[in-house]
Undergrad: 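Quick one: the structure is below, and I'll ask about it shortly.
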Amino acid sequence: MPSEVLLPQIVEKIKGPIALAFSYQAEDVAALHLLLQCGIADLEVFTLDTLKLFPEIFSYHKELEDFFRITIKKYAPDPEEVKDLEAKLGDEWGMRASLENRHLCCQVRKVTPLGKILAGKSAWVTGLRASQSVTRQDLKVLEYDEKFGLIKINPLFDWDEEDLSAYIKEHRLPLNPLYAKGFTSIGCAPCTRAVQPGEDIRAGRWWWENPEHKECGLHLRKN
Ligand code: SF4
């Protein structure tokens with residue numbers, strides 16, 4: 001069943017507030033566009049400002065708000081936790097020194113703030129696709145998120161690259177300017193690089209790690 005049909009049927013059954021986690025990727029733009037067609041009364045669209053984002057994100061954020069005529073709320077990590085984190089990591093590239101450091105950084109800048117945002121929500125919507133990586137192969141449209149204790153909706157779960165590209169084109173949705181610079185997946189500046197033609201779309205994320213480690217802790221799954 002197409003996501004345009006499936007998503008309204010799912011959200012109609014959910015009682016209480018729904019949130020969309022926006023991370024400036026093409027998938028998020030498509031998921032947001034789909035979700036806004038559903039006419040949800042209690043919807044919060046938010047982004048995690050890790051304080052490590054690319055400078056291009058700030059003008060793109062404004063462009064998106066103007067395009068969709070919505071507010072995308074920004075949440076930052078706790079300043080005291082960031083201070084402690086930076087002391088532990090040693091320097092601005094300290095998150096690359098070990099998997100433990102990287103997970104700690106993602107915990108403070110992403111996972112802990114996300115837990116606070118999702119508390120009290122009934123469901124959250126993501127732009128995840130199963131074909132994005134080995135860590136997402138068993139993705140379903142509807143899941144129970146045990147980590148955060150709420151329903152998780154992945155309307156793009158079975159989309160491939162062509163589906164996504166066709167949807168973006170059809171609805172003339174604004175894309176992150178980083179895609180034009182060779183990025184195929186968007187994350188924090190210290191942990192994301194542009195990729196070469198033929199490389200995997202997630203090859204530029206935490207490129208120094210093995211593929212099975214490439215999650216930030218927001219979407220950890222049982223395999
Ligand atoms: S992606 Fe990198 S900079 Fe961003 S929170 Fe994770 S480790 Fe820190």
Side-chain angles (χ1 to χ4, degrees), residues 3 7 19-36 43-68 70-75 106 109-111 113-114 117-118 124-137 139 141 145 152-195 199-207 209 211 214-221:
S3 304
L7 188 58
L20 172 76
F22 198 91
S23 58
Y24 304 103
Q25 310 221 54
E27 285 86 351
D28 302 317
V29 183
L32 175 58
H33 186 264
L34 279 167
L35 201 56
L36 292 176
L43 173 68
E44 180 179 6
V45 182
F46 71 88
T47 188
L48 297 168
D49 182 356
T50 62
L51 313 178
K52 291 286 182 185
L53 301 178
F54 286 93
E56 287 88 341
I57 292 297
F58 300 103
S59 54
Y60 182 50
H61 183 102
K62 175 79 173 57
E63 184 185 352
L64 287 163
E65 288 188 324
D66 291 346
F67 181 87
F68 287 111
I70 59 164
T71 297
I72 302 176
K73 201 164 171 187
K74 286 185 189 175
Y75 289 93
C106 284
R109 296 181 188 279
K110 294 181 174 180
V111 182
L114 181 66
I117 300 162
L118 295 183
W124 70 303
V125 179
T126 82
L128 298 183
R129 295 187 295 110
S131 59
Q132 279 173 316
S133 74
V134 290
T135 58
R136 299 179 180 176
Q137 281 172 351
L139 191 73
V141 65
D145 187 333
K152 186 171 178 180
I153 307 166
N154 308 304
L156 278 52
F157 77 108
D158 62 348
W159 287 26
D160 60 20
E161 284 284 302
E162 285 70 36
D163 296 326
L164 178 62
S165 178
Y167 191 88
I168 297 278
K169 266 191 203 138
E170 181 186 350
H171 299 286
R172 300 181 180 192
L173 303 179
L175 275 184
N176 191 320
L178 288 168
Y179 285 110
K181 297 182 179 178
F183 290 76
T184 49
S185 180
I186 314 294
C188 295
C191 300
T192 313
R193 63 160 172 78
V195 300
E199 274 193 292
D200 183 84
I201 57 163
R202 299 257 303 166
R205 302 291 297 278
W206 306 295
W207 61 92
E209 293 180 5
K214 290 188 177 194
E215 288 292 355
C216 54
L218 306 186
H219 304 294
L220 289 181
R221 318 175 51 75

Undergrad: Quick one: does E199's side chain get under 4.5 Å of T184's, heavy atoms only?
TA: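 Contact flag for E199/T184 side chains = no.
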Undergrad: Quick one: pull up CG in D49 and CZ in F58 and give me the separation to the nearest 0.5 Å.
TA: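 It comes to 5.5 Å.
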Undergrad: Which atoms form the tightest heavy-atom contact between L34 and P155, and what is the distance?
TA: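 Heavy-atom minimum between the residues: CD1-CB, 4.4 Å.
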Undergrad: Any non-hydrogen side-chain atom of L43 less than 4.5 Å from a side-chain atom of V45?
TA: yes
Undergrad: I'd like to know if the side chain of Y24 and the backbone of L53 have a donor-acceptor N/O pair within less than 3.5 Å.
TA: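 No; judged by distance alone, with no hydrogens or angles, the pair does not exist.
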Undergrad: Would L32 and I70 satisfy side chain to side chain contact (heavy atoms under 4.5 Å, CB included), going step by step from the backbone distance to the final call?
TA: CA-CA 11 Å; L32 175 58; I70 59 164; 3.9 Å; yes
Undergrad: Do the side chain of T50 and the main chain of R109 share a donor and acceptor less than 3.5 angstrom apart?
TA: no
Undergrad: Compare every heavy atom of L139 with every heavy atom of A130, then report the nearest pair and how far apart it is.
TA: N-CD2, 3.6 Å
Undergrad: Any donor-acceptor pair under 3.5 Å linking the side chain of Q25 with the backbone of I186?
TA: yes
Undergrad: Could you tell me whether the side chain of F183 reaches within less than 4.5 Å of the side chain of R205, counting heavy atoms only?
TA: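 Counting from C-beta outward, R205 and F183 never come under 4.5 Å.
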Undergrad: Assess whether side chain to side chain contact (heavy atoms under 4.5 Å, CB included) is satisfied between V141 and L7, documenting all intermediate values.
TA: CA-CA 9 Å; V141 65; L7 188 58; over 6 Å; no
Undergrad: Which heavy-atom pair separates S185 from T192 by the least distance, and what is that distance?
TA: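 For S185 versus T192, the nearest heavy atoms are O-CG2, 3.3 Å.
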Undergrad: Decide yes or no on side chain to side chain contact (heavy atoms under 4.5 Å, CB included) for V29 and N176, but give the supporting numbers first.
TA: CA-CA 9 Å; V29 183; N176 191 320; over 6 Å; no
Undergrad: Could you measure the distance from the OG atom of S3 to the CG atom of L35? Nearest 0.5 Å is fine.
TA: 11.5 Å
Undergrad: Please find the pair of heavy atoms, one from G127 and one from L156, that lie closest to each other, and give the distance.
TA: O-CD2, 4.1 Å
Undergrad: Any side-chain heavy atom of E27 within less than 4.5 Å of one from L128?
TA: no
Undergrad: Let's go through L114 and W124 carefully: what are the C-alpha distance in whole Å and the side-chain angles of both, what is the deciding distance for side chain to side chain contact (heavy atoms under 4.5 Å, CB included) to 0.1 Å, and is it a yes or a no?
TA: CA-CA 11 Å; L114 181 66; W124 70 303; 3.7 Å; yes
Undergrad: To the closest 0.5 Å, what do you measure between CZ (R129) and CG (L164)?
TA: 5.5 Å
Undergrad: How close do S131 and W159 get, heavy atom to heavy atom, and via which atoms?
TA: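 So the two residues come closest at OG-O, 3.4 Å.
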Undergrad: What is the ring orientation for F46 with Y75, classed by angle as parallel under 30°, tilted 30 to 60°, or perpendicular over 60°?
TA: perpendicular
Undergrad: Would you please name every residue forming a salt bridge (charged side-chain N to carboxylate O under 4.0 Å, His left out) with E63, sequence neighbours left out?
TA: none
Undergrad: Just so I know, are the side chains of S23 and D28 near enough to count as touching, which here means a heavy-atom distance under 4.5 Å?
TA: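 Yes, close enough: below the 4.5 Å cut-off.
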Undergrad: Between H171 and Y167, what is the ring plane arrangement, given parallel below 30°, perpendicular above 60°, and tilted in between?
TA: tilted
Undergrad: My understanding is that only residues two or more places apart in sequence, or in another chain, count here; which of them pass ring-ring contact (aromatic ring centres under 6.0 Å, His included) with Y60?
TA: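 Expected list: none.
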Undergrad: Do R172 and F67 come close enough that some side-chain heavy atom pair is under 4.5 Å?
TA: no
Undergrad: Would you say that D158 contacts D163 through its side chain, given a criterion of any heavy-atom pair below 4.5 Å between the two side chains?
TA: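 Not in contact.
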Undergrad: Taking all non-hydrogen atoms of both residues into account, name the closest pair between H61 and T47 and its distance.
TA: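 So the minimum-distance heavy-atom pair works out to CE1-CG2, 4.0 Å.
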Undergrad: Who are the salt bridge (charged side-chain N to carboxylate O under 4.0 Å, His left out) partners of K62, not counting sequence neighbours?
TA: D66
Undergrad: At what distance, to the nearest 0.5 angstrom, does CG of D145 lie from CD1 of I153?
TA: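 Taking CG in D145 and CD1 in I153, the distance rounds to 11.5 Å.
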